[in-house]
Amino acid sequence: LFGKKEIDAETLDELEEALVTADLGVTTVMRLVDEIREKVSRKELVRPEALREHLKAAIREILVAEEARQAPEGVRPWVIMVVGVNGVGKTTTIGKIGARFRREGKRVILAAGDTFRAAAIEQLEIWGDRIGAQVVRHQQGSDPAAVAFDAVEAGKARDADVVIVDTAGRLHTKRNLMEELKKVRRVIGKALPGAPHEVLLVLDATTGQNAVSQARLFHEAVGVDTIALTKLDGTARGGVIVAICDELKIPIRYIGIGEGVEDLRPFDAQAFVDALF
Amino acid sequence: SLSEKLSGVFRSLRGKGRLGEKDIQAALREVRLALLEADVHYRVVRRFVEAVRERAQGQEVMRSLTPAQTVIKIVHDELVRMMGEHVAPLDVAGKPPVPVMLVGLQGSGKTTTAGKLALHLKRRAGRDPYLVPADVYRPAAIDQLQKVASDVGVAAYPSRPDQDPVEICRAALEEARKGGYDTVIVDTAGRLHVDEELMDELRRLKELLEPREILLVADAMTGQDAVNVAKAFDEAVGITGVVLTKADGDARGGAALSIQAVTQRPIKLVGVGEKLDALEVFHPERMASRILG
Ligand SMILES: Nc1nc2c(ncn2[C@@H]2O[C@H](COP(=O)(O)OP(=O)(O)OP(=O)(O)O)[C@@H](O)[C@H]2O)c(=O)[nH]1
Ligand SMILES: Nc1nc2c(ncn2[C@@H]2O[C@H](COP(=O)(O)OP(=O)(O)OP(=O)(O)O)[C@@H](O)[C@H]2O)c(=O)[nH]1
Ligand SMILES: [Mg+2]
Ligand SMILES: [Mg+2]
């Protein structure tokens with residue numbers, strides 16, 4: 001792609017294709033390519049070899065990574081509420097995050113807040129078992145807010161370090177389901193003022209431009225603090241997070257790279273842009 | 001919307017009887033942007049735009065339509081043609097029990113779709129299906145399908161996670177024959193198309209089951225990667241059809257066009273909700289309008 005003597009139209013076309021197929025979205029790509037075209041016409045960018053590095057730096061500027069959000073002094077338990085559309089990897093990511101905290105010797109409680117989907121509670125219980133975390137659960141069909149409330153109460157009573165609340169997958173366009181999510185958030189705050197301390201939105205790296213709409217609407221509904229991008233072990237590159245970071249400035253906290261308990265990494269912006277194109 | 005953008009493009013043209021080259025060029029640029037925003041694959045868009053250009057070249061502006069509407073009509077018709085070219089119903093012909101195998105990436109909706117399909121066959125085709133949980137990896141996957149089975153009043157094979165999926169299918173086929181079921185719906189584990197071992201497992205499952213249908217279950221919000229996934233699954237086991245899931249959201253669904261373009265296989269069914277009755281037959285017209293936005 002960048003083996004030419006000078007930056008010509010063909011080079012820019014190849015660049016455009018590389019970025020669009022990485023799911024950056026045509027609007028973001030056009031803006032980036034226009035900036036390049038500007039620099040080329042002003043002779044600020046001449047060598048094709050410099051092109052790749054320049055672009056990566058430009059994209060890297062936009063990405064927001066965040067080191068672990070630290071619980072302020074005296075805040076116990078640290079409550080994380082996990083949200084996102086159906087099938088993106090919320091429950092699995094909760095297992096992985098819980099495992100991390102467990103490795104640090106922390107006491108973790110999981111809330112089986114998906115009271116709707118078949119075997120969702122059983123799925124989280126298996127994770128709880130695997131990582132040594134207590135799972136607070138009610139019956140299938142019960143009120144998810146009540147489960148979240150009980151879990152935070154249990155967290156306080158048992159002096160847990162972290163409580164992670166699983167929620168049912170839901171499409172961001174379903175008004176009543178988004179209202180339910182707001183209620184879960186409110187009720188968590190009733191159990192512990194200031195909680196949830198972190199609302200983590202899980203996005204699937206195979207998702208296209210719809211991820212931007214997901215991020216916007218979940219952010220509007222419950223306020224998203226951090227993002228986890230899953231399934232980066234496939235061939236999708238998750239370029240949608242560039243537009244999301246650009247527009248909403250939400251930091252990417254974790255990436256999921258597999259189905260096992262260890263398959264979670266803190267987000268590394270440089271590694272991400274290196275794999276992008 | 002695309003029609004507004006195209007009206008803008010053609011606003012400067014007046015009283016033209018034919019679509020000239022410059023008009024088409026400007027219009028096609030808008031079409032291209034709309035399709036890319038809709039997640040249609042970069043290369044599929046390029047081919048599609050070329051096909052539209054050929055159709056539009058020298059096209060008469062129809063009496064009742066504006067130039068913008070004429071282009072939209074050509075684009076829409078071409079989309080419908082591509083989406084509908086291979087439309088075909090679910091194929092469950094053959095000596096019972098007829099096997100149907102569901103495959104796809106993690107989280108795309110296979111287990112839920114297995115239940116929906118069983119209900120669909122029961123209600124709309126008067127069939128007697130048997131569900132087979134062949135996912136021994138995901139925590140509580142077998143429980144999930146068994147719960148779904150009981151929700152739709154369909155029998156399911158009592159798989160256990162310590163069993164081998166090929167052995168499960170072998171035993172399940174036997175149970176289905178004994179029980180007189182006419183259709184066997186196999187739910188497989190989600191897997192990456194680049195996972196050699198699991199793609200090999202899929203080949204072995206196909207070999208044993210000899211499925212009448214191998215349906216790729218694909219998420220309507222999939223982006224550019226749809227082309228890689230569809231191609232890989234098709235090359236590995238051969239897809240006979242596609243189920244597009246989560247179409248009840250606001251994803252434009254360009255993945256549908258990309259998958260069609262690269263596999264030439266029909267989209268047979270569409271998942272339109274989390275409930276087990278939320279399964280529809282695919283409508284090319286509706287999908288085309290949705291992709292155009
Ligand atoms: N390859 C891969 N698979 C993943 C990753 N994260 C999750 N998965 C898989 O994706 C599928 C869905 O994961 P879940 O954790 O059930 O997703 P969810 O968001 O909780 O789903 P719902 O609760 O139904 O909305 C499972 O098969 C997981 O093993 C990842 O990083 N890589
Ligand atoms: N809104 C909506 N949700 C759906 C649809 N189909 C499936 N889902 C949801 O998507 C999530 C994933 O569905 P599953 O059936 O567990 O997906 P899967 O492909 O079996 O997942 P793995 O076995 O982990 O690969 C669940 O929350 C389902 O309820 C659909 O058509 N619309
Ligand atoms: Mg879940
Ligand atoms: Mg499944």
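We name chains A, B, ... by the order of the sequence lines, and we start the count at 1 in each one.
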In this structure, are over 12 heavy atoms from other groups packed under 6.0 Å from [X] atom [atom1]?
X	atom1	result
Arg29(B)	CZ	no
Gln25(B)	CD	no
Arg175(A)	CZ	no
Lys174(A)	NZ	yes
Glu21(B)	CD	no
Lys56(A)	NZ	yes
Glu179(A)	CD	yes
Lys182(A)	NZ	yes

Under 4.5 Å from any heavy atom of chain B - which part of [X]:
X	result
Thr27(A)	side chain
Glu125(A)	neither
Leu217(A)	neither
Val85(A)	side chain
Val26(A)	side chain
Arg117(A)	side chain

Check your understanding: Is any side-chain heavy atom of Gln123(A) less than 4.5 Å from a side-chain heavy atom of Arg138(B)?
Key ->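 Of all side-chain heavy-atom pairs linking Arg138(B) with Gln123(A), at least one is under 4.5 Å.
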Exercise for review: Side chain from CB out, backbone as N, CA, C, O: work out which of these in Asp248(B) comes under 4.5 Å of a heavy atom of chain A, or both, or neither.
Suggested key: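 Contact with chain A: backbone and side chain both.
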**Study point:** Asp143(B), part contacting chain A, at a heavy-atom distance under 4.5 Å
**Key:**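 For Asp143(B), backbone and side chain are both near chain A.
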What residue in [options] has the most heavy-atom pairs under 4.5 Å with chain B?
options	value
Val240(A), Thr230(A), Thr91(A), Leu171(A)	Leu171(A)
Gly87(A), Gly25(A), Gly239(A)	Gly87(A)
Gly234(A), Ala118(A), Ala211(A)	Ala118(A)
Val29(A), Ile126(A), Leu124(A), Val88(A)	Ile126(A)

Point-to-point distance, once rounded to the nearest 0.5 Å, from [atom1] of [X] to [atom2] of [Y]:
X	Y	atom1	atom2	value
Asn210(A)	Arg252(B)	CG	CZ	10.5 Å
Thr235(A)	His193(B)	OG1	NE2	3.0 Å
Leu19(A)	Gln224(B)	CG	CD	11.0 Å
Thr207(A)	Asp219(B)	OG1	CG	6.5 Å
Leu36(B)	Leu24(A)	CG	CG	12.5 Å
Gln214(A)	Met221(B)	CD	CE	5.0 Å

Exercise for review: Tell me yes or no: between the side chains of Asp250(B) and Ser213(A), is some donor less than 3.5 Å from an acceptor?
Suggested key: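 The criterion, which ignores hydrogens and geometry beyond distance, is satisfied for Ser213(A) and Asp250(B).
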Check your understanding: Where do Tyr42(B) and Asp13(A) come nearest, in terms of heavy atoms and distance?
Key ->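 That closest heavy-atom pairing would be OH-O, 3.9 Å.
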Review point. Taking every heavy-atom pair that is under 4.5 Å apart, which of Gly190(B), Ala140(B), Pro139(B) has the most such pairs with chain A?
Key: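 So the answer, after comparing Gly190(B), Ala140(B), Pro139(B), is Pro139(B).
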Check your understanding: Among Ala251(B), Ala232(B), Ala226(B), which residue forms the greatest number of heavy-atom pairs with chain A at distances under 4.5 Å?
Key ->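 With the most close heavy-atom pairs to chain A, the winner is Ala251(B).
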Check your understanding: Checking side chain to side chain contact (heavy atoms under 4.5 Å, CB included) for the pair Asp225(B)/Lys231(A): CA distance, chi angles, key distance, verdict?
Key -> CA-CA 12 Å; Asp225(B) 201 42; Lys231(A) 308 181 196 170; over 6 Å; no
Check your understanding: Between Glu17(A) and Arg43(B), is the closest basic N to carboxylate O distance under 4.0 Å?
Key ->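 Glu17(A) and Arg43(B): salt-bridged.
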Exercise for review: Pull out the residues in residues 105-117 of chain B that come under 4.5 Å of chain A, heavy atom to heavy atom, sorted by number.
Suggested key: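 Only Leu105(B), Gln106(B), Gly107(B) of residues 105-117 of chain B have a heavy atom under 4.5 Å from chain A.
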